[in-house]
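Throughout, numbering of the chain's residues begins at 1 and tracks the sequence. Every value quoted in this text rests on a predicted model; they were computed, and no experiment measured them. Counting starts at 1 for both ligands and their atoms, in listed order. Keep in mind that the numbers below use all heavy atoms, side chains included, and drop hydrogens, waters and symmetry copies.
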Amino acid sequence: MKAENNCIVIFGASGDLTHRKLIPALYNLYKIGRLTENFSVLGVARSELNDETFREKMRQALIKHEKANGDMLEKFCSHLYYQAVNTSDARDYGKLVPRIDELHDKYQTCGNTLYYMSTPPSLYGVIPECLAAHGLNTEEYGWKRIIVEKPFGYDLKTAHALDIQIHRFFEEHQIYRIDHYLGKETVQNLLVLRFSNGLFEPLWNRNYIEYVEITGAESIGVEDRGGYYDGSGAMRDMFQNHLLQVLAMVAMEPPAIINANSMRDEVAKVLHCLHPLTQEDLKNNLVLGQYVKAEINGETVAGYLQEKGVPEDSNTETYMALRCEIDNWRWAGVPFYVRTGKRLPVRVTEVVIHFKTTPHPVFSKSAPENKLIIRIQPDEGISMRFGLKKPGAGFESKEVSMDFRYADLASPSLLTAYERLLLDAMKGDATLFARTDAVHACWKFVQPILDYKAERGRVYEYEAGTWGPTEADKLIAKAGRVWRKPSGAMKKKV
Ligand code: BG6
């Protein structure tokens, strides 16, 4: 299905996200025919650019990131416009009114407007208010939707305050909180795997599952984002949003139908069931780490404290591992081990469902574990591990794997996360956007971790290029388990 005709207004148009992700996503949607000719993009920022200079910047970005060229590139760029606005001054937003009207007339976009806040978070409360001051939020003539980038707040209190601020001018059905993990094909595939097969769901509970591992590992460090990252850390940057959303997809109940409300009802429900963490839980079940300088493949890699923009005495965590539980009928007593970190050995995001072993190992002393590995990225796919007979005499079993890779599909043509989510927002489908109650539930769960860290959380060192501090191994070893150490690619077929 194509996007509805609309004008996309990007605040923060001179920023990194616009030329690295948003414009390339829109270009690709245009290229594959998912945008009609009736669309325009109005870039807004403080910089004194004009339509031509903005187009030229975006053209260069598309050539660089998408290898774009020829007629398609020129046709796409002709839909781009720019308006300089002092985004902190409500009066200056008046300049947008004639620009947006003119674009609606020219492209016959019936007043439909999608605002994208790709700005520093300090403007998330300001922009809706300034738009409203000029009547740019009302839906009398066409729909008005607003996309909010993460972070939705800095902690429980600020998230709540931000929500109130935005809700003063936009109703919940107009607000699209983007978490790009929900736009990833394999995160959505978790739902299809679970709810379109009779095979897995009967086993998907405390009776058959021993524990669940969720890993969001990155091999890169904080690069040139030290200034931002230091105020955020792994907990706010990855855990509070992306990984808790993945956890919700693994753990939620089947929605009656797939639509924005019933899906998001189930997501919120399961997030509300996360077992609240006490100080004692955190003492035993949380490990924080920070990478230090090391040699990787003969090259010296800087430690976090040497990164640009990071204070030399920073205590910010670049790694975290947590054991948590979900207090509901399906999951009571099943540990979820979640970890994320920068400068780990590989970039990999995966979920591992560890099934219980057979009650009595008939064929060998230790029966092979049954695991389902859901690889979110890279090398997206699913791998099932189980025991088979070792060839030869006797009845010994060994672990083998059955693998499915997206790359093996005849025409995988996956939309990237931003392509998918922008398209959904332009179609008015909020299924894959975070709803206010889910965001609130995530912050409610995370707040005690933030408090604990601020008061007494120790941050352990780990060498860049390793799997985090040894304390994290001890955390999982308490139950006689070890973290899976995934490689960059899924195992080859057997
Ligand atoms: C972003 C974080 O939201 O997600 C980054 O701010 C992180 O620090 C990124 O690197 C990870 O996204 P992906 O899609 O590369 O896994």
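From the protein, the heavy atom lying nearest to atom 6 (O) of ligand 1 is D237 OD1, 2.6 Å. When hydrogens are left out, the protein atom nearest atom 12 (O) of ligand 1 is H180 NE2, 3.1 Å; that is the closest non-hydrogen contact.
Side-chain polar atoms of Y462 and T318 form a donor-acceptor pair below 3.5 angstrom. Side-chain contact, E149 with S118: no donor N or O sits under 3.5 Å from an acceptor N or O.
Between D403 and R375, none of the side-chain N atoms (NZ, or NE/NH1/NH2) sits under 4.0 Å from a carboxylate O, so this pair counts as no salt bridge. Between D379 and R405 a salt bridge is recorded (basic side-chain N to carboxylate O distance below 4.0 Å). A salt bridge between R236 and D155 is absent, with no side-chain N of the basic residue lying under 4.0 Å from a carboxylate O of the acidic one.
In the vicinity of R225, heavy-atom distances shorter than 4.0 Å reach the ligand 1 atoms 2 (C), 5 (C), 6 (O), 8 (O). If you number the atoms of ligand 1 from 1 as listed, the ones under 4.0 Å from a heavy atom of H242 come out as 1 (C), 3 (O), 4 (O).
For atom 9 (C) of ligand 1, the nearest non-hydrogen atom from the set K184, E218, R236 belongs to E218. Of the options R347, K342, K150, the smallest heavy-atom separation from atom 1 (C) of ligand 1 is shown by K150.
Using a 4.0 angstrom heavy-atom cutoff, T349 does not count as in contact with ligand 1. No heavy atom of Y229 sits closer than 4.0 Å to any atom of ligand 1.
In this pair, Y337 and Y211 present their aromatic rings perpendicular. The plane angle is above 60°, beyond the 30 to 60° band.
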